[in-house]
S.K.: 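Sending over a structure as structure tokens; questions will come in a sec.
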Amino acid sequence: MRRRAKPSGKPTTRVRQILTQLGYVEHEDFEYEVEIRLYSNRRLYADVMLFQGDAPIAVVEVEGKPSLLREGFEEARFKGAAWNLENPVPLLWVAAGERDALYRLTRPCNGICYAPLSEQTLPQALAPAQLATLIGDYLQQTDAPLGQSLRDRNLLRDALQAASGKDPRTRFVDLLKTLQSQQPKRGASAPLREAHQRVAQARQKGTGDFALASALRYIARAYFRPLVKNDEVRRFGRYYTPDEVIEFLVEVAAPQPEMRILDFACGSGGFLLGAARYLRERRGLSPTAVADSLHGVEIDPHAHALAALALEVGIGAPVAHLYRENALTFAWSEESYDLILSNPPAGSLPDSIAPEQFRYAGKGKNRLNQYEVAFAELAVRLAKPDALIAIVAPEGLLSNASAESFRRWLFRQARPFAILGLPRGLFPHTPSRMYALVMRKTPLRKRDRCLIAELSRYDLTANRPALVQLVQEAMHA
Ligand SMILES: C[S@@+](CC[C@H](N)C(=O)[O-])C[C@H]1O[C@@H](n2cnc3c(N)ncnc32)[C@H](O)[C@@H]1O
């Protein structure tokens, strides 16, 4: 059984069009002609297979006439089962002429059975955002990476809801216990195992609560992993920001007491936690003073709950200004933050935004309907004069020709003094190259200099102190 990385020429134009509309065709992972070898050495070819990573999620069988639907189903069923007897392909789509039928793997059953999915229309069922939900029940019982991710995501969601201890530390330990007790027989996922190890280390070393808080954030990685193209994780840009990027930008920003610090898309609270640790350990601020200086907004309820818990565990005091809101429509008071640290979402804006609030972001002539543009504009609006803005942004913001006039405007509002390419692979779930963009809200002067560099992983780890110094020198040049 194997998969040939060769695009199929076979499916009818209609099937191709449907897949294109649903967003599969341009995604190289999704469409392959697949050869399935049987033990008897007979070969079967699936017309199209839809994949998530290496896990097949649907067999598409294409027949010429509607009368061949039954035969098409038998073929597809055979191929779905022959792919892997232990983990058959969960969904079949038979396209016979103009007629379509969908079938879902059912369990338990003697042998491998597929049942028609009468309640779903084709676009509904195959829409990438729905697929994970549709086949999720089945996938969660398998070893497929998608199944593991779904298990992790749901476990975390349930455990967060169930964690009810009185103080944050007990809630955190409760959460881990729930996660551990709910782990299916297949064993704990890698992030959870590592979180447990980190907790054990933190207890042994007595290094305090920030280690526990990062362990808590760490288990959330599964929650921040897109499962299929266009699923909600991708649509809302819910990517986990790696610790080394957070620590680097926090050290560059070197937060001071009394500063009002903001992350307007705070996810699991990585940047706020990093800033809190800096203020506690390097500036000696009290837990309440630290908690008071932090401000966060996050649209996703689970990420918000996670951030609240992680911050309270880390700091030892709750952060009052942590809002579960849409940052793009939030009632902000303008020019009120001294430091903005964030890795906002990137990509197309899913909803329309109020055009009067944004000069460049949104739909319409001379506008860009992109998250990164909206959040960069927002950063300029919310930063006090002279405030520091350190954000993670996709390459497009810095290089796309369509964003040129926006960039010119942005850099006139906020002077960039470091544009740093982050190592490839650090953000594995987005195809875009990511950059750290460090700016100060002062107008650009004629002779201003900007440090532009490509960073390696070494730069963000062992070489970090030297790099931080270099960026700070650029900042004060
Ligand atoms: C790249 S993630 C940030 C990850 C975060 N730095 C961390 O360490 O966990 C972007 C976050 O923005 C959130 N988000 C997306 N749209 C938003 C909006 N309109 N307002 C506020 N948050 C939003 C997503 O839910 C996601 O958690």
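These figures come from a predicted structure and were not determined experimentally. Along the sequence shown, residues are numbered consecutively beginning with 1.
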S.K.: What pair of heavy atoms forms the shortest contact from Ala327 to Trp332, and how long is it?
M.R.: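 Of all heavy-atom pairs spanning Ala327 and Trp332, the closest is O-NE1, 2.8 Å.
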S.K.: Quick check with a 6.0 Å cut-off and a 45 degree axis cone: is Arg433 positioned over the face of Tyr435's six-membered ring?
M.R.: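 Relative to the ring axis of Tyr435, which defines the angle, Arg433 lies inside both limits.
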S.K.: Check the surroundings of atom CD in Glu258: do more than 12 heavy atoms from other residues, nucleotides or ligands lie under 6.0 Å from it?
M.R.: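 Not more than 12 within 6.0 Å, no.
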S.K.: Using modelled atom types only, decide if a donor and an acceptor are shared between the side chain of Arg280 and the backbone of Leu285 within a distance under 3.5 Å.
M.R.: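 Pair found, side chain donor or acceptor close to backbone of Leu285.
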S.K.: Does the distance from a Lys or Arg side-chain N to an Asp or Glu carboxylate O, for Glu377 and Arg381, drop under 4.0 Å?
M.R.: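 No.
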S.K.: Donor-acceptor check, side chain of Asn400 to backbone of Ala403, threshold 3.5 angstrom: yes or no?
M.R.: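 No, Asn400 side chain to Ala403 backbone: no donor-acceptor pair under 3.5 Å.
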S.K.: For the pair Gln357 (side chain) and Thr329 (backbone), establish whether a donor and an acceptor sit closer than 3.5 Å, ignoring hydrogens and angles.
M.R.: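 Not confirmed, Gln357 side chain does not pair with Thr329 backbone.
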S.K.: For a quick test of reading the model, state the closest non-hydrogen atom pair linking Val297 to Glu325 and the distance between them.
M.R.: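 In terms of heavy atoms, the two residues are closest at CG1-O, 3.3 Å.
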S.K.: Is it true that, when you exclude Arg324 itself, more than 12 heavy atoms of the residues, nucleotides or ligands shown sit nearer than 6.0 Å to its CZ?
M.R.: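 Incorrect, the count does not exceed 12.
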S.K.: What is the minimum heavy-atom distance between Pro423 and Arg457, and which atoms define it?
M.R.: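 Scanning both residues completely, I find the closest heavy atoms to be CG-N, 3.7 Å.
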S.K.: Between CD of Gln413 and CD1 of Ile389, what distance do you get to the nearest 0.5 Å?
M.R.: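 Here the interatomic distance stands at 9.5 Å.
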S.K.: Given 3.5 Å as the limit, does a donor-acceptor pair link the side chain of Arg367 with the main chain of Ala361, or not?
M.R.: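 Side chain of Arg367 to backbone of Ala361, a donor-acceptor pair under 3.5 Å: yes, one is there.
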S.K.: Hey, could you give me the CG/CD distance between Leu368 and Glu404, rounded to the nearest 0.5 Å?
M.R.: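 Answer for the CG-CD pair, Leu368 versus Glu404, is 11.5 Å.
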S.K.: Tell me whether Arg440 contacts the main-chain N or O of Asp386 through its side chain, where contact means a donor paired with an acceptor under 3.5 Å.
M.R.: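 Yes, because the side chain of Arg440 sits within donor-acceptor range (under 3.5 Å) of the backbone of Asp386.
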S.K.: Hey, which of Arg283, Glu281, Arg277 is the one that makes side-chain contact (heavy atoms from CB on, under 4.5 Å) with Leu279?
M.R.: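 Running side-chain contact (heavy atoms from CB on, under 4.5 Å) over Arg283, Glu281, Arg277 with Leu279 returns exactly one hit, Arg283.
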S.K.: Which heavy atom in Leu322 sits nearest to a heavy atom in Cys266, and how many Å separate them?
M.R.: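 So the minimum-distance heavy-atom pair works out to CD1-SG, 4.0 Å.
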S.K.: How close do Val438 and Leu249 get, heavy atom to heavy atom, and via which atoms?
M.R.: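 Scanning both residues completely, I find the closest heavy atoms to be CG2-CD2, 4.0 Å.
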S.K.: Give a yes or no on whether a salt bridge exists between Glu454 and Arg424, defined as a side-chain N under 4.0 angstrom from a carboxylate O.
M.R.: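 No.
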S.K.: Do the side chain of Arg464 and the main chain of Leu460 share a donor and acceptor less than 3.5 angstrom apart?
M.R.: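 Indeed, once roles are kept as given, a pair shorter than 3.5 Å links the two residues.
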S.K.: Please report the interatomic distance OG(Ser336) to NE2(His295), rounded to the nearest 0.5 Å.
M.R.: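 Answer rounded to 0.5 Å: 8.0 Å.
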S.K.: Side-chain donor-acceptor pair under 3.5 Å between Asp263 and Ser342, yes or no?
M.R.: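 Yes.
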S.K.: Please determine whether a side-chain nitrogen of the Lys or Arg among Lys384 and Asp338 lies less than 4.0 Å from a carboxylate oxygen of the Asp or Glu.
M.R.: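 Salt bridge flag = yes for Asp338 with Lys384.
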